[in-house]
Amino acid sequence: LKPMPAYHSKLTEVEARNIGRIPLLPLKTSFKGPAPPCSDDENDIIDEAIDFFKANVLFRNFEVESDADRLLIYLTLYISAVLNQCNRQGKTGAESNCFTLALQNFTIPGDNQFPLGGLCTDPESRQDTDMIRQYFTQIRQETGRRVVERVYARDENTPDK
């Protein structure tokens, strides 16, 4: 039996600036940041990460086929952290915890503890470092918002599995 492959990003043809081999892909968001806007009728990387989460989280190995896959892996790890913030509480508490999680001090490419350290390179300048931190803040805020909306879509008091 051949093992089933993980889901990879379909956003490989999108023109995007890369910092540390992480693409700054367009996002559907109202949060401030450097991400280019994405039209509402298209899927962005957050949509892909949420849609593929249940399947991709089960894979022990994930072969990176594009720079967008690196961002997909990062978001999969972040969604796991967001889901932990939703445990045993209502939507309002989860929203507050996820907002705090998005803004707390986190690692970026070039930091020793960055979870994708071997897959990324260090930003080339201080401006690139600032830009990737702003992009990650923006994408973390939007990801948290969307995950909480999905988790509490049926009942604002009980997280959905």
Can you establish whether the number of heavy atoms outside F99 located under 6.0 Å from its atom CZ is more than 12?
no

Here the gap from Q138 atom CD to T143 atom OG1, rounded to the nearest 0.5 Å, amounts to 10.0 Å

Please check if the number of heavy atoms outside E15 that lie under 6.0 Å from its CD is greater than 12.
no

Closest non-hydrogen atom pair, A35 against L25
CB-O, 3.9 Å

side-chain contact (heavy atoms from CB on, under 4.5 Å) assessment of L71 paired with I139
CA-CA 10 Å; L71 191 52; I139 203 167; 4.1 Å; yes

Is any side-chain heavy atom of L83 closer than 4.5 Å to one of F53?
yes

If you define the side chain from C-beta out and look only at heavy atoms, does anything of N84 sit under 4.5 Å from L101?
no

Verdict with reasoning, R150 to D51, per side-chain contact (heavy atoms from CB on, under 4.5 Å)
CA-CA 11 Å; R150 176 104 40 121; D51 291 345; 3.3 Å; yes

To the nearest 0.5 Å, what is the distance between OG1 on T92 and CG on N97?
11.0 Å

Do V148 and L103 belong together in a cluster built from hydrophobic side chains that touch within less than 4.5 Å?
no

For T129 and P123, the nearest pair of non-hydrogen atoms, with its separation, is OG1-CB, 3.5 Å

Keeping the roles fixed (side chain from D155, backbone from N157), state whether a donor-acceptor pair exists under 3.5 Å.
yes

Side-chain ion pair, E95 and R145, N-O less than 4.0 Å:
no

Rounded to the nearest 0.5 Å, what separates atom CD1 in I108 from atom CG in L116?
12.5 Å

For C86 and P159, work out which heavy atoms get closest and say how close.
O-CG, 3.4 Å

Closest heavy-atom contact between P115 and L77?
CB-CD1, 3.9 Å

So, F136 versus Y74, ring centres under 6.0 angstrom or not?
yes

Is the count of non-hydrogen atoms from other residues, nucleotides or ligands lying under 6.0 Å from E65 atom CD greater than 12?
yes

Heavy-atom pair with the smallest gap, counting every atom of C120 and P109
CB-CB, 4.1 Å

Salt bridge R133-D130, side-chain N to carboxylate O under 4.0 Å:
no

Go through Y78 and V147 one step at a time and tell me if the side-chain contact (heavy atoms from CB on, under 4.5 Å) criterion holds.
CA-CA 10 Å; Y78 186 68; V147 169; over 6 Å; no

Does R70 use its side chain to pair, donor to acceptor, with the backbone of V64 at less than 3.5 Å?
no

Applying side-chain hydrogen bond (donor to acceptor under 3.5 Å, both in side chains) between K28 and each of D40, D44, D47, report the one that passes.
D47

So, taking the atom named CD in E142 and the one named CD1 in I45, what distance separates them when rounded to the nearest 0.5 Å?
13.5 Å

Measure the CG-CD1 distance between L24 and I132 for me, rounded to the nearest 0.5 Å.
5.0 Å

Shortest non-hydrogen contact from F52 to L72?
CD1-CD2, 4.3 Å

To the nearest 0.5 Å, tell me how far I50 CD1 sits from L75 CG.
8.5 Å

May I ask you to say whether D69 pairs ionically with R21, meaning some side-chain N is under 4.0 Å from a carboxylate O?
no

Inspect the surroundings of CG in D41 and state if more than 12 heavy atoms from other residues, nucleotides or ligands are less than 6.0 Å away.
yes

Does any non-hydrogen side-chain atom of Q141 lie less than 4.5 Å from one of L27?
no

